[in-house]
2 protein chains.
Amino acid sequence: MADLLETAAEPNRRRLLQLLASGERSVTDLTRNFPVSRSAISQHLLLLADVGLVQARKEGRNRFYSLNAWGMSRLRGSLESFWTAELDLLVADATTLHQTAQGEL
Amino acid sequence: MADLLETAAEPNRRRLLQLLASGERSVTDLTRNFPVSRSAISQHLLLLADVGLVQARKEGRNRFYSLNAWGMSRLRGSLESFWTAELDLLVADATTLHQTAQGEL
DNA sequence: GTAATACGTTAGTGCACACTAACGGATTAT
DNA sequence: ATAATCCGTTAGTGTGCACTAACGTATTAC
């Protein structure tokens with residue numbers, strides 16, 4: 001799983017990135033927000049670190065993970081290059097259609 | 001793989017969505033843009049259809065796949081709810097830092 | 001009509017992923 | 001000091017994914 005966007009897309013990892021947006025957090029602390037084990041979360045974090053989206057800081061027996069701004073910037077770029085103007089047009093039409101349908105109810 | 005964003009994130013499927021942005025295409029036609037088999041592409045298309053991002057139209061012995069505007073609209077929504085304003089701030093800083101670094105060369 | 005060909009899907013396989021269980025390392029309590 | 005506890009990672013396992021090979025079906029050539 002070398003791909004940046006694909007790595008970030010997995011639901012648990014997506015959530016991890018969002019949680020880390022508000023600041024660094026330990027593995028155990030992050031785990032509280034998930035139904036899976038500390039180990040699972042640790043491994044998701046290691047994957048995110050592999051692609052450069054997060055990094056860890058050791059302090060005592062804790063490891064505080066935080067977002068890597070540069071990696072997140074690259075992710076943003078990937079998203080933007082994926083979502084072309086052509087798709088915006090398509091979606092604009094769909095939204096219009098949907099709103100029309102809603103209005104017609 | 002029920003998750004919309006995760007399904008769309010896989011590199012080949014991402015590319016398929018982009019190719020389909022310019023209009024409907026047959027499986028064989030789409031396959032020309034990939035190093036993998038027609039079968040592989042067909043299966044990716046079936047997955048995309050499962051989550052409602054594309055649909056197929058039969059004509060002769062061809063099946064023309066096209067984007068589902070409403071599905072793509074939902075995808076757009078998922079992307080937007082993932083990428084919070086907080087992340088924009090973080091990335092803005094990173095970009096600034098990078099530009100500074102570039103300027104310093 | 002029938003043989004040949006083209007298109008897309010289903011069958012089958014290897015591998016990677018996501019997870020729990022077991023572990024090593026560090027800190028705290030006594 | 002040492003036993004107990006907490007934190008994060010590595011070991012081991014099952015499932016699901018991405019892919020090629022084989023197949024069914026429909027069209028075209030003769």
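A, B, ... follow the sequence lines: proteins, then strands. Residue 1 opens every chain. Predicted, not measured: the structure shown is a model, and the values here were computed from it. Atom set for the values below is all heavy atoms of this structure, side chains included, hydrogens, waters and symmetry mates excluded.
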Practice prompt. Send over the distance from B:L46 CG to C:dG8 P, rounded to a whole Å.
Written response: 11 Å
Discussion item. Expected output is a numbered-order residue list: members of residues 10-24 of chain A with a heavy atom under 4.0 Å from any atom of DNA chain C. What is it?
Written reply: A:E10, A:N12, A:R13
Item to complete: Report yes if some heavy atom in the side chain of B:R57 is under 4.5 Å from a heavy atom in the side chain of B:S66; otherwise report no.
Response: no
Practice prompt. Could you tell me whether A:E10 and A:R14 make a salt bridge, using a distance below 4.0 angstrom between a side-chain N and a carboxylate O?
Written response: no
Discussion item. What I'd like to find out is whether the side chain of A:L30 reaches to under 4.5 Å of the side chain of A:S26, using heavy atoms alone.
Written reply: no
Discussion item. Strictly under 4.0 angstrom, non-hydrogen atoms only: write out the protein contact profile of nucleotides 20-30 of chain C, one letter per nucleotide from the 5' end, B, S or -.
Written reply: BB----BB---
Practice prompt. Rounded to the nearest angstrom, tell me the gap between atom CE in B:M1 and atom C1' in C:dA18.
Written response: 12 Å
Worksheet entry | Non-hydrogen atoms of A:N68 and A:Q55 that approach each other most closely | ND2-OE1, 3.2 Å
Worksheet item: Between C:dA18, C:dT9, D:dA18, which nucleotide has the shortest distance from any of its atoms to the side chain of B:E6?
Response: C:dA18
Fill in: Residues in side-chain contact (heavy atoms from CB on, under 4.5 Å) contact with A:D50, at least two apart in sequence or another chain
A:L47
Discussion item. Just the rounded figure in Å: distance from C1' of C:dA18 to CG of A:D50.
Written reply: 15 Å
Discussion item. Using the rule given for side-chain contact (heavy atoms from CB on, under 4.5 Å), can you reason through B:L48 versus B:V54, listing the C-alpha separation, both sets of side-chain angles and the distance that settles it, and then say yes or no?
Written reply: CA-CA 6 Å; B:L48 289 173; B:V54 305; 3.7 Å; yes
Practice prompt. Quickly work out the A:L47 CG to C:dA16 P distance and round it to whole Å.
Written response: 13 Å
Worksheet entry | Side-chain (A:R15) to main-chain (A:N33) donor-acceptor, under 3.5 angstrom | yes
Worksheet item: Can you check the A:L45 CG to C:dA18 P distance for me, whole Å?
Response: 13 Å
Discussion item. I need the CG-P distance between B:D3 and C:dC17, as an integer number of Å.
Written reply: 17 Å
Worksheet item: Is the backbone N or O of A:F82 less than 3.5 Å from a side-chain atom of B:Q18, with the two atoms forming a donor-acceptor pair by type?
Response: yes
Worksheet item: Roughly how many Å is it from CG in A:L48 to C1' in C:dC17, rounded to a whole number?
Response: 14 Å
Worksheet item: Between C:dG8, D:dG8, D:dA18, which one does the side chain of A:N62 approach most closely?
Response: D:dG8
Worksheet entry | Phosphate OP1/OP2 of D:dC17 contacted by B:H44 side-chain N/O (<4.0 Å) | no
Discussion item. Taking B:L67 as the starting point, is it possible to reach B:F64 by hopping between hydrophobic residues whose side chains are less than 4.5 Å apart?
Written reply: no
Practice prompt. Please check the phosphate of C:dT9 (OP1 and OP2 only) for any side-chain N or O of B:Y65 closer than 4.0 Å.
Written response: yes
